[in-house]
Amino acid sequence: LSVTWTCRIDDVESFKKGGFKPEQIRAIEKAYTDAANKLLQHPNRTHRVSIGGRSFRVTQKLMAAQLAVTFVQFNSRAGDAYAVTSGGEMDSIAVRRDPFRTFYSVRPYTTTLGDSARAASPTQLRRTFLHEPIHGQPGESIFRSLGTQWDSNHVDEYNRVAEEIDNSR
């Protein structure tokens, strides 16, 4: 039994107010959908995430489940980041560094796309949606003791895992 999802941006108005054109919004939704369906192709596949000598494993099933409950919006305060995700055990470390995150609602997970998403390629957008659901996964809290070292060093490692998933068959 094969399952496919269609993913939609939750707060389309935030993208419209941010100056995104309809075709850009459709491209983001396509990347979001493609990422979710990539995860669902092999839901039991696991990936090791390692930073600072510590690691945990994520499953594509849990990453897909997180995408299903993530609220997606745009806010120019996210700056030049492709995306910022709030929610999960590591959020308190990021809040100390980035007070913008305190603006989020109390939804389980919120992914806010920033200005860089406007010019991102389909591959960059898809990999963003593969990177972001690593945040908040069971086991991510192993990085808590790394403090701000985690916050500054997670990008390359989470991008590596996203690329690994994206390139898998």
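Note that the coordinates shown come from a computational prediction; the quantities given were computed from them, not determined experimentally.
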Whether the Thr111 and Thr85 side chains hold a donor-acceptor pair (N or O, under 3.5 Å, no angle test) is what I'd like checked. yes
For Ser55 and Ile142, work out which heavy atoms get closest and say how close. O-CD1, 3.5 Å
With a 4.5 Å heavy-atom cut-off, do Asp115 and Arg118 have their side chains touching? yes
Looking at Asn153 and Gln149, would you say the former's side chain and the latter's main chain have a donor-acceptor pair under 3.5 Å? yes
Test of understanding: clusters of I, L, V, M, F, W, Y form through side-chain heavy atoms closer than 4.5 Å, transitively. Do Leu146 and Val49 belong to the same one? yes
Rounded to the nearest 0.5 Å, how far does OG1 of Thr46 lie from CZ of Arg57? 4.0 Å
Run the numbers on Ser145 and Arg54 for side chain to side chain contact (heavy atoms under 4.5 Å, CB included), then give the verdict. CA-CA 10 Å; Ser145 65; Arg54 301 169 190 268; 3.1 Å; yes
Salt-bridged, Glu163 to Arg160, with N to O below 4.0 Å? no
For a 4.5 angstrom cut-off between non-hydrogen side-chain atoms, does Gln60 reach Lys38? no
Measure the shortest side-chain to side-chain distance between Leu67 and Cys7 over non-hydrogen atoms and say whether it is less than 4.5 angstrom. no
Leu40 to Ala64 - nearest heavy-atom pair and separation: CD2-CB, 3.9 Å
Calculate, to the nearest 0.5 Å, the distance between atoms CD1 and CD belonging to Ile28 and Glu23 respectively. 11.0 Å
Flag side-chain contact, heavy atom, 4.5 Å: Phe129 against Thr33: no
If every non-hydrogen atom of Gly136 is compared with every non-hydrogen atom of Gln66, which pair is closest and at what distance? C-OE1, 4.1 Å
Between CD1 of Ile134 and CD of Glu157, what distance do you get to the nearest 0.5 Å? 8.0 Å
For Gln73 and Asp11, work out which heavy atoms get closest and say how close. CB-CB, 3.9 Å
So do Tyr32 and Glu132 actually touch side chain to side chain, heavy atoms under 4.5 Å? no
Glu29 with Arg26: basic N within carboxylate O range, under 4.0 Å: no
Looking at Pro133, is its backbone amide N or carbonyl O close enough to the side chain of Gln137 to form a donor-acceptor pair, meaning the two atoms are under 3.5 Å apart? yes
Smallest heavy-atom separation, Thr70 atom then Asp10 atom, equals O-OD2, 3.1 Å
Return the minimal non-hydrogen interatomic distance between Thr59 and Pro43, and the atom names on each side. CB-O, 4.2 Å
With side chains defined as the heavy atoms from C-beta onward, is the minimum distance between Trp5 and Asn37 less than 4.5 Å? yes
Show, in sequence, the C-alpha distance, side-chain angles and deciding distance for Ile25 and Lys16, and conclude whether the side chain to side chain contact (heavy atoms under 4.5 Å, CB included) test is met. CA-CA 8 Å; Ile25 294 170; Lys16 289 179 180 176; 4.0 Å; yes
Taking the side chain as C-beta and beyond, is there a heavy-atom pair between Phe15 and Leu113 under 4.5 Å? yes
Side chain Ser141, main chain Arg144, donor-acceptor under 3.5 Å: no
Rounded to the nearest 0.5 Å, how far does CG of Asp166 lie from CG of Leu39? 9.5 Å
Do the side chain of Arg45 and the main chain of Ile165 share a donor and acceptor less than 3.5 angstrom apart? no
Determine whether a donor-acceptor pair (N or O, by modelled atom type, separation under 3.5 Å) exists between the side chain of Ser14 and the backbone of Phe74. yes
Tyr158 and Glu140 side chains, donor-acceptor separation under 3.5 Å: yes
Side chains of Asn44 and Lys61 in contact at under 4.5 Å (non-hydrogen atoms): yes
